[in-house]
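Below you'll find the structure, written out as structure tokens, and then a few comments.
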Amino acid sequence: MLLLSDPSVGRTPIRECGEPLVDLRTVPALRVDPRMAPTGPGYAHLRLGVVDRLVTAQTYLPPGLYFLVIEGFRPVALQKKYFDAHKDRLRAAEPGHDEDWYHVRASRYISPPDVAPHVAGAAVDLTLCDVDGAELWLGTEVNDTDTEHCHTASPSVTGEAADRRRMLSDALTSAGFVNYPTEWWHWSHGDRYWARVTDAEAARYGPAELP
């Protein structure tokens, strides 16, 4: 499993394409859940090219299913807050390791800020909903990393939840997204992790800022 803390991800060059961040709440085809609104307006933004791919990916879902976007862009300061807080939790739960261990361990679920796909506006956390916008069950809540049930290919997730994960994965993969395998809800395109996984020469998106 390639983690975001892997040095090869950090060595991947960026050729910034300059695409703007787009407010998903202005895109009629997409549904945006407001649960992350208290973190600031960034949660509802993604790069233009990522938005286009997301709309395309949704057309690959079976009839009656839609994406429910939970979070997109995160400012660097917010990503750092999340990463540092997760390392603090690990230190309290598993004391006695060196800083490198906590850095790598934290990166299983929270990206180091310097390579974070969310910081580039290239990553989206999402799930599925029905035509009325009701969220569907995919085996865990979005952002629930307390157990390895959240791993995309977890064998403990079966039945309808597993089928829905496959539908979500098939649609997003067909549109050019890559998944972070410890989180079934996390998908990205154009960032350093995407470039490393797909053997692209460079990432298309570096750190972004809201207009």
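One is the number of the first residue; the rest follow in order along the sequence.
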Under 3.5 Å: donor-acceptor pair, side chain of His45, backbone of Val22: no
Minimal non-hydrogen separation, Gln58 against Ala29, with atom names: NE2-O, 2.7 Å
Under 3.5 Å donor-acceptor, Glu183 side chain and Trp185 backbone: no
Closest heavy-atom pair and its distance - Ala171, Phe67: CB-CZ, 4.3 Å
Donor-acceptor contact below 3.5 Å, side chain Asn179 vs main chain His186: yes
Side-chain heavy-atom pair Thr173, Trp187 within 4.5 angstrom cut-off: yes
Check: Leu65 and Leu136 side chains under 4.5 Å, non-hydrogen atoms: yes
Which atom of Thr145 lies closest to which atom of Tyr109, heavy atoms considered: CG2-CD2, 3.5 Å
Pairwise distance CG(Asp114) to CG(Leu4) - rounded to 0.5 angstrom: 10.0 Å
Side-chain heavy atoms of Trp184 within contact of Val142, under 4.5 Å: yes
Ser154 side chain to His151 backbone, donor-acceptor under 3.5 Å: no
Residue pair Arg108 / Thr182, side-chain donor-acceptor N/O under 3.5 Å: no
For the student: nearest non-hydrogen atoms of Cys150 and Thr140, plus distance: N-CG2, 3.9 Å
Donor-acceptor pair between Ser156 and His149 side chains, under 3.5 angstrom: yes
Salt bridge (charged side-chain N to carboxylate O under 4.0 Å, His left out) assessment of Glu135 paired with Arg35: CA-CA 12 Å; Glu135 185 174 349; Arg35 75 187 70 174; 2.5 Å; yes
Heavy-atom check, side chain of Val27 versus side chain of Leu54, under 4.5 Å: no
Validation row: Thr12, Tyr193 side chains within 4.5 angstrom (heavy atoms): no
Lys/Arg cation over aromatic Tyr102: Arg91, 6.0 Å, 45° cone: yes
Side chain to side chain, Met167 and Asp170, heavy atoms closer than 4.5 Å: no
Under 3.5 Å donor-acceptor, Glu19 side chain and Arg47 backbone: no
Distance-minimising heavy-atom pair for Gly72 and Leu46: CA-CD2, 3.7 Å
Asp125/Arg74 under salt bridge (charged side-chain N to carboxylate O under 4.0 Å, His left out): CA gap, chis, key distance, verdict: CA-CA 11 Å; Asp125 294 340; Arg74 285 182 199 150; 3.6 Å; yes
Main-chain N/O of Val104 paired with Ser107 side-chain donor or acceptor, under 3.5 Å: yes
N/O donor-acceptor pair under 3.5 Å between Gln79 side chain and Ser111 backbone: yes
